[in-house]
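Since this is a predicted model, take the numbers as computed values, not measurements. All residue numbers in this chain count up from 1 along the given sequence.
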Amino acid sequence: MIKISCQEQMLPGQTLQEKFAFARDAGYDGIELRARGDFAFRERLPELRRAAGDGVVMPSVCVDMSHFFGAFDPELRRDAIAQLKSQLTVMAEVGGPGAVVCTPASWGMFSRRLPPFEPPRSEQEDRAVLLDGLAELGEHAEREGAILALEPLNRYEDHMVNRLEQAVELIDAVGLPSVRVLADTYHMNIEEDEPTSALVRAAAHLGHVQVSDSNRLQPGAGHLDWSALLGTLDAVGYRGWLALECRLRGEPATAVAGVPGFLRRHDVSVLV
């Protein structure tokens, strides 16, 4: 049976406890948190401790920062790494062993699809920056008992890591089991030649999955083949979480509530 979580900002309720009550009634198993920059996530630790004590399941957090560890500016890179280390430490406490911190290499920093088309760093320089950052973060994650999940983004949002195989190559080079791949079905729909084949090739490194449909709306609102995607995840032995990260069509609470049932109807593992 697949485990499904929903990002906190889409759930109705004022507290994590209220949000989790709605999520559980709708068929979710957990909440994916969001971590804003300037160490705001660390400042939420008392709130997160209370929620964990009340049984709220929080297996992962998705970063929501203005800059990331692949930034062109060295000071921004250092700040992003410091913030991610803090988030790894917090998640290890409130999410338990194997809790996941999800991050791209960058977001909105540069695209080869827009002028001036050529970034200020070479591909070799990009790779060196990413390897250094992943190694430092991976070592911290390993000490804390957490997982850092690297998310490839589509070509319009990041120029460095767009496909699962690119993330796998970096993770292989780092060589730490605490650094894994995040597969996001929306970005995969844009970048992968064939999403299920990409999942098979990345299976040994897969640490987290975020779900939305081809148009970034909730699963079922686009044209992705969910039976094929979920069947592939089951076939490769993925036992992690599916976290809903999307925009919503329709009344928000109703749209969110409909996702677990939709995904489980397309989960072939429950039919065998």
Side-chain angles (χ1 to χ4, degrees), residues 2 4-7 9-10 32 34-35 60-71 80 84 100-114 119 123 126-127 130 133-134 147-171 179-226 228-233 236 238 240-249 259 263 266:
I2 57 176
I4 307 172
S5 63
C6 181
Q7 288 194 350
Q9 75 278 6
M10 292 188 286
E32 178 159 281
R34 296 280 292 198
S60 58
V61 63
C62 181
V63 301
D64 187 11
M65 304 192 302
S66 62
H67 51 271
F68 296 85
F69 74 96
L84 284 167
V100 177
V101 173
C102 311
T103 184
S106 73
W107 179 82
M109 185 174 81
F110 194 89
S111 171
R112 293 180 185 273
R113 302 295 166 177
L114 298 170
E123 290 186 16
D126 281 345
R127 186 174 186 275
L130 297 184
L134 289 172
I147 298 294
L148 182 78
L150 176 62
E151 179 181 9
L153 302 184
N154 70 73
R155 69 196 75 176
Y156 307 104
E157 299 179 28
D158 177 38
H159 73 287
M160 294 182 287
V161 185
N162 306 128
R163 301 184 308 281
L164 299 189
E165 65 185 33
Q166 292 174 305
V168 166
E169 190 277 328
L170 291 167
I171 290 166
V179 184
R180 312 282 287 175
V181 174
L182 188 161
D184 182 304
T185 57
Y186 167 71
H187 297 296
M188 291 175 64
N189 174 68
I190 296 172
E191 294 296 340
E192 304 294 348
D193 293 343
E194 201 288 299
T196 60
S197 299
L199 287 171
V200 170
R201 291 191 296 269
H205 298 81
L206 197 57
H208 195 60
V209 176
Q210 290 178 336
V211 294
S212 60
D213 221 310
S214 55
N215 48 13
R216 203 38 153 175
L217 295 171
Q218 69 265 30
H223 60 67
L224 289 182
D225 186 340
W226 289 99
L229 287 167
L230 296 175
T232 300
L233 290 170
V236 301
Y238 178 70
W241 288 80
L242 305 183
L244 180 66
E245 181 189 44
C246 66
R247 298 192 302 270
L248 298 169
R249 174 177 288 164
V259 170
L263 290 175
H266 289 78

Trainee: What distance separates Asp213 CG from Asn189 CG, expressed to the nearest 0.5 Å?
Mentor: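 That separation rounds to 8.0 Å.
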Trainee: Strictly distance-based, threshold 3.5 Å: is any side-chain N or O of Glu192 a donor or acceptor partner for the main-chain N or O of Leu164?
Mentor: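 Confirmed, Glu192 side chain pairs with Leu164 backbone.
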Trainee: What residues, two or more places apart in sequence or in another chain, satisfy ring pair (Phe, Tyr, Trp, His ring centres under 6.0 Å) together with His208?
Mentor: none
Trainee: Examine distances only and state if a side-chain atom of Gln166 and a backbone atom of Arg163 form a donor-acceptor pair shorter than 3.5 Å.
Mentor: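 Flag set: sc Gln166 to bb Arg163 pair under 3.5 Å.
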Trainee: Give, for atom CD of Glu32 and atom CE of Met10, the distance between the pair rounded to the nearest 0.5 Å.
Mentor: 8.5 Å
Trainee: Applying side-chain contact (heavy atoms from CB on, under 4.5 Å), can you list everything that pairs with Pro219, at least two apart in sequence or on another chain?
Mentor: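 Pro219 satisfies side-chain contact (heavy atoms from CB on, under 4.5 Å) with Val211, Trp226, Leu244, Val259, Phe262, Leu263 once adjacent residues are dropped.
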Trainee: Under a 3.5 Å distance rule, please check whether Ser214 uses its side chain to pair with a backbone N or O of His223 as donor and acceptor.
Mentor: yes
Trainee: Residues in side-chain hydrogen bond (donor to acceptor under 3.5 Å, both in side chains) with Thr196, at least two apart?
Mentor: Glu194
Trainee: For Asp126, check salt bridge (charged side-chain N to carboxylate O under 4.0 Å, His left out) against everything at least two apart and list the hits.
Mentor: Arg121
Trainee: Side chains of Tyr186 and Leu224: does their closest heavy-atom pair fall under 4.5 Å?
Mentor: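 Side-chain contact under 4.5 Å: no.
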Trainee: Sequence neighbours left out, what passes side-chain contact (heavy atoms from CB on, under 4.5 Å) with Val200? Give chain and number order.
Mentor: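 If we apply the side-chain contact (heavy atoms from CB on, under 4.5 Å) test to Val200, skipping adjacent residues, the hits are Thr232, Val236.
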Trainee: If the condition is salt bridge (charged side-chain N to carboxylate O under 4.0 Å, His left out), which residues does Asp158 pass it with, not counting sequence neighbours?
Mentor: none
Trainee: Arg155: which residues meet the salt bridge (charged side-chain N to carboxylate O under 4.0 Å, His left out) condition with it, sequence neighbours left out?
Mentor: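 If we apply the salt bridge (charged side-chain N to carboxylate O under 4.0 Å, His left out) test to Arg155, skipping adjacent residues, the hits are Glu191.
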Trainee: Rounded to the nearest 0.5 Å, what separates atom CG in Leu84 from atom CG in Leu148?
Mentor: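 It comes to 6.5 Å.
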Trainee: Which residues pass the side-chain contact (heavy atoms from CB on, under 4.5 Å) test with Ala71, sequence neighbours left out?
Mentor: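 Expected list: Leu76, Arg77, Met109.
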Trainee: Please answer whether the main-chain N or O of Glu157 pairs with a side-chain N or O of Ser111 as donor and acceptor at a distance below 3.5 Å.
Mentor: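 No: the side chain of Ser111 does not pair with the backbone of Glu157.
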Trainee: Can you find a heavy atom in the side chain of Met188 that is under 4.5 Å from one in the side chain of Pro195?
Mentor: yes
Trainee: With sequence neighbours left out, what residues match Asp225 under salt bridge (charged side-chain N to carboxylate O under 4.0 Å, His left out)?
Mentor: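 Once residues adjacent in sequence are excluded, Asp225 has no partner under the salt bridge (charged side-chain N to carboxylate O under 4.0 Å, His left out) criterion.
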Trainee: Given Arg180, which of Val168, Val100, Ile147 fulfils the side chain to side chain contact (heavy atoms under 4.5 Å, CB included) condition?
Mentor: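 Of Val168, Val100, Ile147, side chain to side chain contact (heavy atoms under 4.5 Å, CB included) with Arg180 is met by Ile147 alone.
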Trainee: Distance-only, no hydrogens or angles: does the Asn162 side chain make a donor-acceptor pair with backbone N or O of Leu153 under 3.5 Å?
Mentor: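 Pair found, side chain donor or acceptor close to backbone of Leu153.
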Trainee: Taking ring pair (Phe, Tyr, Trp, His ring centres under 6.0 Å) as the definition, give me every residue that meets it alongside Phe110, ordered by chain and number, with sequence neighbours left out.
Mentor: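 His159.
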Trainee: Measuring from Phe69:CZ to Leu150:CG, what's the distance to the nearest 0.5 Å?
Mentor: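 Result: 5.0 Å between the selected atoms.
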Trainee: Determine whether a donor-acceptor pair (N or O, by modelled atom type, separation under 3.5 Å) exists between the side chain of Asp184 and the backbone of Glu151.
Mentor: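 Flag not set: sc Asp184 to bb Glu151 has no pair under 3.5 Å.
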Trainee: Check ring pair (Phe, Tyr, Trp, His ring centres under 6.0 Å) between His205 and all other residues, then give those that pass, not counting sequence neighbours.
Mentor: none
Trainee: Can you tell me if Arg127 uses its side chain to pair, donor with acceptor, with the backbone of Leu170 under 3.5 Å?
Mentor: no
Trainee: Between the side chain of Gln218 and the main-chain N/O of Arg249, is any donor-acceptor distance below 3.5 Å?
Mentor: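 Checking the backbone N and O of Arg249 against the side chain of Gln218, a donor-acceptor pair under 3.5 Å is found.
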Trainee: Would you say Leu229 and Val209 make side-chain contact, with heavy atoms under 4.5 Å?
Mentor: no
Trainee: Can you name the closest pair of heavy atoms from Met160 and Ser106 and give their distance?
Mentor: CE-OG, 3.7 Å
Trainee: Please identify each residue that fulfils side-chain hydrogen bond (donor to acceptor under 3.5 Å, both in side chains) with His266, with sequence neighbours left out.
Mentor: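 Once residues adjacent in sequence are excluded, His266 has no partner under the side-chain hydrogen bond (donor to acceptor under 3.5 Å, both in side chains) criterion.
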Trainee: Rounded to the nearest 0.5 Å, how far does CZ of Arg34 lie from SG of Cys102?
Mentor: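 These two atoms lie 10.0 Å from each other.
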Trainee: Treating Arg216 as the side-chain partner and Cys246 as the backbone partner, does any N or O pair qualify as donor plus acceptor under 3.5 Å?
Mentor: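 Looks like no, no N/O pair under 3.5 Å.
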Trainee: Looking at every heavy atom in both Thr185 and Ser212, which two are closest together, and how far apart are they?
Mentor: OG1-O, 2.6 Å
Trainee: Do Gln210 and Gln7 come close enough that some side-chain heavy atom pair is under 4.5 Å?
Mentor: yes
Trainee: State, to 0.1 Å, how close Val161 and Ala167 come at their nearest heavy-atom pair, and which atoms those are.
Mentor: CG1-N, 3.9 Å
